[in-house]
Amino acid sequence: MDENRRSFLKRIGLAAAAAGCGFPLLGAAGKAVEGYLEVPSTPGKQWGMVIDVEKCLREEVRRACTEACRRAHNVPQIPDPEHEIKWIWSESYQKAFPEEDHRYLAQSLRDKPVLVLCNHCTHPACVKVCPTEATFKRASDGIVMMDMHRCIGCRYCMAACPYGARSFNWQDPRPYLDGAHLSSYPTRTKGVVEKCTFCAERLAVGLEPACVEAARKVPGGQDALVFGDLTDANSPVSRLLRQKVAICRRPALGTGPNVFYIV
Amino acid sequence: MLEKALRGTARYWLLLAFWTLIILAGAAAYYRQWNQGLGITGMSRDVTWGLYIAQFTFLVGVAASAVMVVIPYYLHHDKNFGPMVILGEFLAVSAVIMCMLFVFVDLGQPRRVLNVLLHPSPHSVMFWDVVVLSGYLLLNLVIGTVTLDSERKGAAPPRWVKPLVYLSIPWAVSIHTVTAFLYAGLSARPFWMTPLLAPRFLASAFASGPSLLIILALIVRKTTRFDPGRGAIQKLATIVTYAMVINLFFVLVEVFTAFYSGIPEHRESLEYLFVGLDGKTLLVPWMWACELLTVGCVGLLLWPASRRNDGLLAVVCVGVIAAVWIEKGLGLVVAGFVPSPLGQITQYRPSGPEMLIALGVYALGFFILTVLYKIVVSVREGGGPAPIAAGDCPNIREAKMGLSPSVRPNSEPVLGT
């Protein structure tokens, strides 16, 4: 019975396509809207993160973060660096903070690995350019979200992001996932852009982002990554930013990053 | 009127068959891209736009350049442009269609393309680009077909066309300005972030588009009984000269600012284009070829004797198109991504299927252009003199038809009165 109905619907679809009208396209687009409404909201005002570069110098700390993220969000491991998907990864200090670079910057500092991720900017360039609002800044908590059902894959956001924080699925990512360790997070399809979401789905159930939690569990990784509400003066991030000198990536561009670094 | 496209010589059908062959090859390559994703192109994490978006940028210029025949004819009442104006409008139609297709084949999720209309986002320049491009397509299609149809019936075009014609002039400027704003508003890409980008785009557009139009007019003159007129071709050559000189000036202005200020992020993309960065020099020979062509063409265009020689003019026009194509259709888009915001220098080389898809889109555009021009030629060549409408003098009709050997100087174009 179901089979009959499906083939009947298929035939209807084909007929519509043959008629040369855009209804099948409208159908595909309509489905995308539903996906967006399912994303749960979280209770913060503007989530932010403070990363202690010194505490992240140990490779185990950084690897714990990137691996926890990979597992939590089914981020594929693609060997070709030109097609890689990255949510949180390590860059050298020089590349993460090009404006801080100068001739007499100690080589040891210049090459120091720094964890980088989406900055969930206050004025995100990616959101401004997106022609479908597939990427948007959530008013409730300041997270720059991605609706991967609405994204048309034009990659305008990737041209606009000054942090290289966005990745495009140049191919079907599923063959590059470890089938034995899949989480409940939806896998993606080819042709859409993805990035860090500050673990919106974990925040919604009262958990910290996966990378923050993973770093804490590594010996010496205590407070390597600190997460909280930047609008709350008593949150751990706000307290830390009052006590220490922190920098952020490319502040001159006016994007207003919400990820800070203690160097 | 479309029936005129259905009857033609063997040569016409052969040309259409040739375009169809390339379209089919492109379609086959696109089928692969549809199934496997954009990974089969040469684009990458760092160079996220390539050949497709670059062709789109180049062709927006070709489309906008129709205004260079519309302005002299409708605003300056230059009757020389009478026979030519429809060729410009139909070139714009096929160029805009190619633009839209190039954006479409660049999408990772082409089935969702209507999301742009379902979720209109006025904060995105891309939304506005879709608006201005569709509007421009519609304007030129309506103006072109309605005026041609009236001409076929020997009547003056309906009055309501005139405001549309006037509207199409700023609209042409808008399509290339908005396309430049796609790039110029991105703080992450210092190479594009220059207020000069829109003026530069317009200057190079008004050089390359009229050049293409000159070549097409020469081909039409050689292969059919319809002569778009030497006067219009020569005036277009003057327009190409001015536009190419201004374009060269703009490029030099950019080079000065980047290198005199010495700011690395403004310098590096230009260095990548002209000398290479970190030993990566893929585009260097292309860019020097582009500059040599530019300087050579400007020299020949400024020298009246070479400009007035139709054969040499055709060669110069090919040179201008090639120079602008390298500049916009190759260098400008790719260099914006090199180096990446994280300092990566990733080279981009279009893949085989990617080039086939691009060729297929061009072939589709030229297929449409061939059909549209065939209709124009059939109307102009066709039958005896049609009845003449009130207010329309015979000599104007002859001038518009492009069949009259000489045009009397005091006649005015139909819409200009």
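Keep in mind it's a predicted model, so treat the numbers as computed, not measured. Every chain is numbered from 1, with letters handed out A, B, ... down the list of sequences.
- Open room surrounds CZ on B:Phe181; 12 or fewer heavy atoms of other groups in view lie less than 6.0 Å from it.
- Comparing B:Thr48, B:Ile53, B:Asp129, B:Val47 by heavy-atom pairs within less than 4.5 Å of chain A, the highest count is held by B:Thr48.
- To the nearest 0.5 Å, atom CG of residue B:Leu342 and atom OH of residue A:Tyr163 are 11.0 Å apart.
- Here A:Cys130 is the residue among A:Pro98, A:Cys130, A:Gly254, A:Pro81 with the most heavy-atom pairs under 4.5 Å with chain B.
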(request) Verify side chain to side chain contact (heavy atoms under 4.5 Å, CB included) between A:Phe168 and B:Leu38, making sure each step is shown before the conclusion. (result) CA-CA 9 Å; A:Phe168 180 70; B:Leu38 282 159; 3.6 Å; yes
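- With a threshold of 4.5 angstrom between heavy atoms, A:Val116 does not approach chain B through any atom at all.
- Counting all heavy atoms, side chain and backbone alike, B:Gln344 lies closest to A:Lys95 at NE2-NZ, 3.5 Å.
- In terms of heavy atoms, A:Ala159 sits closest to B:Ala188 at O-CB, 3.8 Å.
- For chain B, the option among A:Arg249, A:Gln171, A:Met158, A:Gln94 with the highest count of heavy-atom pairs below 4.5 Å is A:Met158.
- In terms of heavy atoms, A:Arg155 sits closest to B:Asp106 at NH2-OD1, 2.6 Å.
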(request) Tell me, with the steps shown, if B:Gln109 and A:Thr189 meet side chain to side chain contact (heavy atoms under 4.5 Å, CB included). (result) CA-CA 9 Å; B:Gln109 283 289 332; A:Thr189 175; 3.6 Å; yes
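- With a threshold of 4.5 angstrom between heavy atoms, B:Pro264 does not approach chain A through any atom at all.
- For the options A:Lys86, A:Arg166, A:Glu84, heavy-atom pairs under 4.5 Å to chain B are most numerous at A:Lys86.
- When atom types are taken as modelled, the side chain of A:Arg150 and the backbone of B:Arg112 share no donor-acceptor pair closer than 3.5 angstrom.
- Scanning all heavy atoms of the two residues, the minimum distance from A:Val129 to B:Leu186 falls at CG1-CD2, 3.7 Å.
- Across every non-hydrogen atom of B:Arg45 and A:Ser167, the tightest pair is NH1-OG, 2.7 Å.
- Counting heavy-atom pairs under 4.5 Å between each of A:Ala125, A:Ala252, A:Cys154 and chain B puts A:Cys154 at the top.
- Of the possible donor and acceptor atoms, one in the side chain of A:Lys190 sits under 3.5 Å from a partner among the backbone N and O of B:Asn35.
- Side chain of A:Tyr156 to backbone of B:Val125: no donor-acceptor contact under 3.5 angstrom is found.
- In B:Phe259, the CZ atom is crowded: over 12 heavy atoms of neighbouring residues, nucleotides or ligands sit closer than 6.0 Å.
- For B:Trp34, the CH2 atom counts as densely surrounded, since its 6.0 Å shell holds more than 12 non-hydrogen atoms of other residues, nucleotides or ligands.
- If you measure heavy-atom distances from B:Tyr348 to chain A, you find no contacts under 4.5 Å at all.
- Taken to the nearest 0.5 Å, the OG atom of B:Ser124 stands 11.0 Å off from the NZ atom of A:Lys128.
- Ranked by heavy-atom pairs under 4.5 Å with chain A, the list B:Thr346, B:Leu182, B:Asp46 is led by B:Leu182.
- Each of B:Leu118, B:Leu117, B:Asn115 was compared with A:Thr132 under the side chain to side chain contact (heavy atoms under 4.5 Å, CB included) criterion, and only B:Asn115 meets it.
- The minimum heavy-atom distance linking A:Pro162 with B:Ser187 is given by the pair CG-OG, 4.5 Å.
- Contact count against chain A (heavy-atom pairs under 4.5 Å) is highest for B:Ser121 among B:Gly37, B:Ser340, B:Ser121.
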